[in-house]
Amino acid sequence: MRLSGDQRALESFPLRLMIVAVVAAMSIVPAAEALESIQDRDFLSRAGLMMDKVVYAAQMLVMQGPGASRTVELDFSSEGGLSATRMTVGDTPGGPYGNAVVLELSTGAKLVRLAQDPPAGMTSAFGQGLDVESCRFSLVMETLISDGECIVSVGVG
């Protein structure tokens with residue numbers, strides 16, 4: 001008995017289906033890694049913009065003078081493998097990180113933004129840097145005079 005061309009195609013269908021399944025399974029891992037890489041790049045871009053918002057607000061407050069205040073909404077949430085563990089704003093008045101915003105990442109790396117032009121010293125109400133370990137929060141900023149110098153007091157609202 002001789003098989004027709006259609007029956008031979010039907011006999012090879014399970015093999016073809018298995019080959020397609022194996023190729024599809026092999027492409028899942030690279031696709032997932034590519035997605036995570038895109039999510040990490042998006043997070044770094046958004047984190048840099050959030051830090052720039054803090055620096056810009058501090059500089060604007062210093063130019064406006066004592067009594068000026070602003071609230072900055074920050075969101076460092078991440079859907080990828082890279083995330084923020086802590087953000088530090090300012091330092092003791094005159095300290096080395098007095099005009100810095102530092103974001104520590106889950107990899108141990110740090111992103112740093114400086115308020116240099118015009119310089120804007122930032123400190124917490126306790127006279128030291130403000131450490132925040134939450135990924136979403138409001139940063140309350142107010143300009144004060146301390147030792148004859150205009151500084152920005154920062155706190156979490």
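Bear in mind that the values here come from a model prediction, so they are computed numbers and not experimental data. Just so you know, residue 1 is the first one in the sequence shown, and it goes up from there.
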K.L.:
In this structure, would Leu74 and Tyr56 fall into the same cluster of hydrophobic residues linked by side-chain contacts under 4.5 Å?
P.N.:
no
K.L.:
Assigning hydrophobic clusters by single linkage (Ile, Leu, Val, Met, Phe, Trp, Tyr; side-chain heavy-atom cutoff under 4.5 Å), is Met141 placed with Met87?
P.N.:
yes
K.L.:
State, to 0.1 Å, how close Val72 and Ala57 come at their nearest heavy-atom pair, and which atoms those are.
P.N.:
CG2-CB, 3.8 Å
K.L.:
Quick check against the 3.5 Å criterion: does Thr85 have a side-chain atom that pairs as donor or acceptor with the backbone of Glu104?
P.N.:
yes
K.L.:
So which heavy atom on Ala100 is nearest to which on Leu114, and how close?
P.N.:
CB-CD2, 3.5 Å
K.L.:
Just do the side chain to side chain contact (heavy atoms under 4.5 Å, CB included) check on Gln39 and Asp42 with the steps written out, would you?
P.N.:
CA-CA 5 Å; Gln39 290 171 332; Asp42 176 59; 5.6 Å; no
K.L.:
Please report the interatomic distance CZ(Arg136) to CD(Glu73), rounded to the nearest 0.5 Å.
P.N.:
11.5 Å
K.L.:
For the side-chain contact (heavy atoms from CB on, under 4.5 Å) test, which of Val62, Asn99, Val54 pairs with Val152?
P.N.:
Val62
K.L.:
Just by distance, do the side chain of Thr143 and the backbone of Leu61 share a donor-acceptor pair under 3.5 Å?
P.N.:
yes
K.L.:
For the atom pair CE (Met63) and SG (Cys150), what is the distance rounded to the nearest 0.5 Å?
P.N.:
11.0 Å
K.L.:
Got more than 12 heavy atoms from elsewhere within 6.0 Å of OH, Tyr97?
P.N.:
no
K.L.:
Show the nearest heavy-atom pair for residues Asp75 and Met50, with the distance to one decimal.
P.N.:
N-SD, 3.7 Å
K.L.:
Would a 4.5 Å heavy-atom cut-off, applied to side chains only, mark Leu105 and Ser83 as touching?
P.N.:
no
K.L.:
With a 4.5 Å cut-off on side-chain heavy atoms, are Val132 and Val89 touching?
P.N.:
no
K.L.:
Passes side chain to side chain contact (heavy atoms under 4.5 Å, CB included), Ile19 versus Arg16? Steps please.
P.N.:
CA-CA 5 Å; Ile19 291 171; Arg16 289 181 182 179; 5.6 Å; no
K.L.:
Determine whether Leu139 and Leu130 make a side-chain contact, defined as any pair of heavy atoms from C-beta on separated by less than 4.5 Å.
P.N.:
yes
K.L.:
When hydrophobic residues are tied together by side-chain contacts of less than 4.5 Å, even through go-betweens, does Val140 share a cluster with Phe76?
P.N.:
no
K.L.:
So, for Asp52 and Arg113, which heavy atoms are closest and what is the spacing to 0.1 Å?
P.N.:
OD1-NE, 2.9 Å
K.L.:
Search all heavy atoms of Ala84 against all heavy atoms of Leu103 and return the closest pair with its distance.
P.N.:
CB-CD1, 3.7 Å
K.L.:
If we count only N and O atoms by modelled type, under 3.5 Å, do the side chains of Thr92 and Gln128 hold a donor and an acceptor together?
P.N.:
no
K.L.:
Mind checking whether Phe43 and Leu111 sit in one hydrophobic cluster, side chains of I, L, V, M, F, W, Y counted as touching below 4.5 Å?
P.N.:
yes
K.L.:
Check whether any side-chain heavy atom of Leu15 sits under 4.5 Å from a side-chain heavy atom of Met18, and report yes or no.
P.N.:
yes
K.L.:
Using a 3.5 Å distance criterion without hydrogens, assess whether the side chain of Arg46 forms a donor-acceptor pair with backbone atoms of Ser77.
P.N.:
yes
K.L.:
Are Leu44 and Val101 connected in a single hydrophobic cluster, I mean Ile/Leu/Val/Met/Phe/Trp/Tyr linked by side-chain heavy atoms less than 4.5 Å apart?
P.N.:
yes
K.L.:
Around atom CD of Glu79, are there more than 12 heavy atoms of other residues, nucleotides or ligands at under 6.0 Å?
P.N.:
no
K.L.:
Out of curiosity, Leu144 CG to Ile151 CD1, how far, rounded to the nearest 0.5 Å?
P.N.:
5.5 Å
K.L.:
To the nearest 0.5 angstrom, please state how far the CG atom of Leu82 sits from the OG1 atom of Thr107.
P.N.:
5.5 Å
K.L.:
Which atom names give the shortest non-hydrogen contact between Asp91 and Pro96, and what distance separates them?
P.N.:
OD2-CD, 3.3 Å
